[in-house]
Amino acid sequence: MSGTINITKFVLLLVLLASANNYQVGCNFTLNYPSFPDQVSNDFIKSSKSNIFFDALQVTADVQGAPITHLAGRIVYKKRFRLWNKDKIASFNSTFVLNILPKDNGGGEGVAFILAKDSGVPPNSEGQWLGLVDPSTNGSSQNYIVAVEFDTKKSFLEDLDDNHVGLDINTVYSAMQVSLNSSNITIASGTYTNITAMILYDGRTKMMNVSIFKGNLIGPNSSTPVISMPLNLSEYLPKNVYVGFSASTGSGSELNCVREWYFNGDDIDLGMPLWVWVVIPLGIVVLLLLLLFGGYLYWKKKRFNNSRDVSVFDDPTIQGIETGLGPKKIKLKDLKAATGNFNAKNELGRGGFGIVYYGTWKGHEVAVKRITNTPQGKQNLIAEVTTIGSLHHKNLVKLIGWCYESDELLLAYEYMPNGSLDKLIYANEEKQDGKEKLPLILAWERRHNIICGVAQALDYLHNECMKRVLHRDIKTSNIMLDSEFSARLGDFGLARMFKLSERSHHSTKEIAGTPGYMAPEIFHTGRTTAETDVFAFGVLTLVMACGRKPGGQYDQESESNTSIVDWVWELYSLELVTDAIDPKLKGNFDKVQAECMLALGLACCHPNPYMRPSMRTALQVLMGEALPPSVPFEKPIFMWPTTPPSFNREESYSGGMLTSVSSLSGR
Ligand SMILES: *[C@@H]1O[C@H](CO)[C@@H](O)[C@H](O)[C@H]1NC(C)=O
Ligand SMILES: *[C@@H]1O[C@H](CO)[C@@H](O)[C@H](O)[C@H]1NC(C)=O
Ligand SMILES: *[C@@H]1O[C@H](CO)[C@@H](O)[C@H](O)[C@H]1NC(C)=O
Ligand SMILES: *[C@@H]1O[C@H](CO)[C@@H](O)[C@H](O)[C@H]1NC(C)=O
Ligand SMILES: *[C@@H]1O[C@H](CO)[C@@H](O)[C@H](O)[C@H]1NC(C)=O
Ligand SMILES: *[C@@H]1O[C@H](CO)[C@@H](O)[C@H](O)[C@H]1NC(C)=O
Ligand SMILES: *[C@@H]1O[C@H](CO)[C@@H](O)[C@H](O)[C@H]1NC(C)=O
Ligand SMILES: *[C@@H]1O[C@H](CO)[C@@H](O)[C@H](O)[C@H]1NC(C)=O
Ligand SMILES: *[C@@H]1O[C@H](CO)[C@@H](O)[C@H](O)[C@H]1NC(C)=O
């Protein structure tokens with residue numbers, strides 16, 4: 001929204017700039033100076049020989065000690081007055097009080113009220129030129145000046161006398177002049193006599209009237225003006241003119257003072273240039289649109305928050321996690337940048353939940369999982385993921401960060417250079433008809449080590465976390481291998497969030513898991529429990545030992561319909577269990593370890609969930625801290641409902657360390 005505000009400010013600024021021009025706009029041009037104290041000095045543009053002293057405009061100033069002969073001065077109001085526009089001419093009324101004290105040689109030359117294009121006094125305009133025009137340009141229409149002169153000296157032949165009023169247009173030779181002899185007024189009558197002049201101009205009739213009175217006579221007066229002359233000001237002057245006074249002295253001198261000044265000018269229009277009329281409505285329209293747009297965004301955000309996101313981002317656990325050492329919230333654009341905008345080149349694989357991309361983020365190699373499979377309630381998922389993601393174990397894939405923006409759900413995990421187990425355990429089989437045979441990467445040692453790692457991770461999830469976490473989808477493709485070929489369990493806890501109905505034959509139930517790894521009771525209860533995790537771990541153990549796909553009635557990926565559990569159990573009952581060991585190992589394996597691992601796998605795959613060992617026991621068996629559980633030679637028949645064994649469990653497994661039944665039952 002800050003951008004919006006900036007644009008609004010900009011539009012307002014434009015409007016203000018348009019109005020703050022060099023002339024007043026929108027109100028009548030009014031000057032009101034009953035006196036000229038120093039404070040008003042900045043209202044005026046003053047030529048070098050002019051100033052404001054003693055509460056008066058000193059148009060030709062008496063600068064202490066300096067002679068006041070041969071001066072020219074001009075003082076105008078700082079803003080210009082809009083005199084005319086198109087065919088309209090403004091009316092105005094300028095009333096002022098003059099006080100003129102003759103000094104050298106009987107006084108001179110005079111003072112004038114002016115309307116002029118220029119604020120400055122022309123050069124060489126002292127003496128008879130009254131500060132109006134330069135002698136070289138006398139008479140030129142380029143002077144753009146109209147003046148009412150109050151002449152106190154007869155300077156040349158055409159001048160009437162030394163006490164007259166005249167109207168001058170671009171020259172000092174008056175278009176009209178009137179002597180004041182008859183009205184018994186002397187312009188230069190000294191300090192103790194004020195003269196009031198009133199100049200009225202009617203823009204409609206184009207008449208200029210000049211009246212002159214003795215004393216301070218401010219107020220309407222109907223007495224006959226001394227000058228009343230038709231004058232089309234727009235013929236001689238530009239649209240905008242400075243208004244003020246000019247004065248001069250010659251060999252004779254005087255103090256030319258203006259003691260009061262009142263000016264009233266009409267507006268002829270709003271005085272705004274045309275473009276303002278375009279900009280203001282446009283600005284308003286833009287403003288409205290922006291407001292609408294802003295409102296829409298606000299509404300959308302609010303709705304969005306209400307509908308789905310609010311619970312996620314208000315969840316204190318997530319916020320806590322963000323600040324802690326757990327997974328961080330990462331911006332979508334950062335993850336896009338990390339993966340080259342989900343470039344197909346960076347694709348690492350496809351899983352049940354989405355596509356995994358390789359990327360680098362803040363110098364870390366990451367595997368970014370882009371969830372495409374719509375889970376039920378993404379906000380729950382994020383809560384779950386971040387909670388689970390804050391678990392740390394050397395055999396768990398670390399969740400570095402997550403992102404939920406614009407309906408994109410992304411999880412960034414640490415990158416596992418050796419990929420997932422399924423790629424390696426079946427590798428040779430897949431490449432069988434290829435020309436070069438891949439070297440066997442997963443030797444027995446590594447397989448055993450991997451199974452130990454998985455058992456440690458599951459034991460941690462089941463028994464060591466504050467809250468028990470079930471994996472729910474243990475299988476080879478969910479086990480990653482780090483650079484040391486140690487097992488790293490991935491995607492733990494996620495499976496619960498996703499429907500697998502499209503793969504499940506029990507479409508009425510939402511079952512999490514992968515066929516072949518699913519315990520038989522799941523198809524009855526529809527629930528995953530610690531024991532179902534143990535079953536899947538058992539299948540995984542057999543797969544690792546045999547290098548064979550799990551098979552089974554629900555596994556469409558496997559070529560064989562016989563499940564690995566049935567197949568191994570068969571060999572076990574024939575006491576040929578080591579025949580099950582992956583032929584790719586070419587007999588290079590520890591026989592005792594292999595028998596132990598297969599027995600453990602079968603025990604974990606016991607059809608009765610109550611008979612399966614716990615992950616803690618399984619781990620102890622693998623570490624050699626407990627004897628392998630005894631496995632019946634005949635695979636027991638699956639019975640529903642399952643029942644806890646009536647006999648003492650301590651006897652059922654040698655070294656059995658089964659956790660209590662109640663703690664095993666799923667939550
Ligand atoms: C300007 O002056 C004229 C005449 O003196 C008056 O009719 C008009 O209302 C004034 N306008 C404003 C905005 O003061
Ligand atoms: C000044 O101009 C007027 C007409 O514009 C002309 O009559 C007059 O002779 C001029 N005077 C001088 C001194 O140039
Ligand atoms: C006005 O009076 C003065 C002397 O008082 C005289 O010189 C001048 O010619 C008179 N002006 C007119 C127009 O009569
Ligand atoms: C002119 O004014 C003087 C004083 O200001 C006065 O004495 C005189 O009578 C006046 N003359 C006329 C004709 O009004
Ligand atoms: C002349 O006008 C000024 C300004 O209004 C005033 O202060 C002063 O008293 C007046 N002088 C006379 C002699 O009336
Ligand atoms: C100017 O003076 C004439 C003659 O006295 C008068 O008819 C006219 O109304 C005056 N105009 C103004 C604007 O005062
Ligand atoms: C001219 O201005 C003066 C001073 O503001 C005022 O008293 C007078 O009434 C005005 N006259 C006209 C015709 O506007
Ligand atoms: C108009 O001016 C004359 C001459 O100065 C004066 O006698 C008269 O009283 C004034 N009228 C008004 C209404 O002020
Ligand atoms: C006033 O002068 C202007 C510019 O020369 C001209 O366009 C306009 O028609 C004149 N107005 C009158 C009433 O003569």
Side-chain angles (χ1 to χ4, degrees), residues 28 31-40 52-59 75 82-102 111 113 115 117 140-146 148 150 165-167 169-170 175-178 180 182-241 245 254-266 268-269:
N28 289 345
L31 308 179
N32 197 41
Y33 292 104
S35 172
F36 296 93
D38 290 344
Q39 301 93 282
V40 303
I52 292 179
F53 292 140
F54 308 115
D55 294 344
L57 302 179
Q58 313 274 348
V59 190
I75 299 183
R82 170 151 288 203
L83 183 63
W84 62 274
N85 191 28
K86 291 180 189 143
D87 54 348
K88 273 179 160 175
I89 305 178
S91 296
F92 64 86
N93 166 5
S94 177
T95 304
F96 46 91
V97 173
L98 295 174
N99 186 286
I100 295 169
L101 172 66
V111 65
F113 169 77
L115 301 151
K117 178 170 174 272
S140 159
S141 63
Q142 303 298 301
N143 286 326
Y144 298 111
I145 187 164
V146 170
V148 177
F150 300 87
V165 179
L167 186 65
I169 299 163
N170 291 327
M176 185 179 188
Q177 50 181 327
V178 178
L180 294 179
S182 54
S183 49
N184 200 13
I185 291 174
T186 309
I187 299 165
S189 50
T191 313
Y192 302 105
T193 310
N194 289 335
I195 302 290
T196 301
M198 187 166 84
I199 297 162
L200 293 178
Y201 184 74
D202 189 325
R204 279 163 299 132
T205 59
K206 295 175 186 63
M207 286 290 286
M208 166 96 67
N209 285 2
V210 181
S211 306
I212 189 157
F213 313 101
K214 263 186 197 166
N216 300 56
L217 200 84
I218 309 305
N221 197 299
S222 55
S223 69
T224 318
V226 290
I227 291 178
S228 181
M229 193 186 149
L231 178 64
N232 183 352
L233 283 177
S234 65
E235 245 175 80
Y236 308 107
L237 292 171
K239 287 181 178 179
N240 301 307
V241 291
F245 302 91
E254 61 193 17
L255 296 176
N256 294 305
C257 298
V258 179
R259 317 259 346 218
E260 300 178 34
W261 185 25
Y262 309 90
F263 187 98
N264 268 294
D266 286 357
I268 42 171
D269 56 33

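Counting convention: from 1, in listed order, for ligands and their atoms alike. All heavy atoms count here, side chains included; hydrogens, waters and symmetry mates do not.
When each atom of ligand 5 is checked for a heavy atom of Tyr192 under 4.0 Å away, the hits are 13 (C). Ligand-side atoms of ligand 6 in range of Leu200: 14 (O), range being under 4.0 angstrom from any heavy atom. Interface of Ser228 with ligand 6, defined as ligand atoms under 4.0 Å from a residue heavy atom, comprises 1 (C), 2 (O), 3 (C).
For the atom pair CG of Leu231 and OH of Tyr236, the computed distance is 6.5 Å after rounding to the nearest 0.5 Å. Taking CG of Asn264 as the start and CG of Leu200 as the end, the distance is 10.5 Å to the nearest 0.5 Å. Rounding to the nearest 0.5 Å places CD1 of Ile145 at 11.5 Å from CD1 of Ile169. For the atom pair NZ (Lys206) and CD (Glu235), the distance works out to 10.0 Å, reported to the nearest 0.5 Å.
Taking distance alone, with nitrogen or oxygen atoms compared against 3.5 Å, Asn194 approaches ligand 5 more closely than that limit. For ligand 6, one of its N or O atoms has an N or O atom of Asn209 under 3.5 Å away. Looking at ligand 5, you'll find an N or O of Glu260 within less than 3.5 Å of one of its N or O atoms.
At a 4.0 Å heavy-atom cut-off, ligand 5 touches Asn216 through the side chain alone.
For the ring pair (Phe, Tyr, Trp, His ring centres under 6.0 Å) criterion with Phe96, the lone passing option out of Tyr33, Trp261, Phe113 is Phe113.
Residues passing the side chain to side chain donor-acceptor pair (under 3.5 Å) test with Ser183, sequence neighbours excluded: none.
Counting only N and O atoms by type, the side chains of Ser228 and Asn209 include a donor and acceptor under 3.5 Å apart.
With a 4.5 Å cut-off on side-chain heavy atoms, Trp84 and Arg82 do not count as touching.
Contact residues for ligand 9 (protein heavy atom closer than 4.0 angstrom to any ligand atom): Lys206, Asn232, Ser234, Glu235.
Of all the heavy atoms in Val97 and Thr196, the pair that sits closest is CG2-OG1, 3.7 Å.
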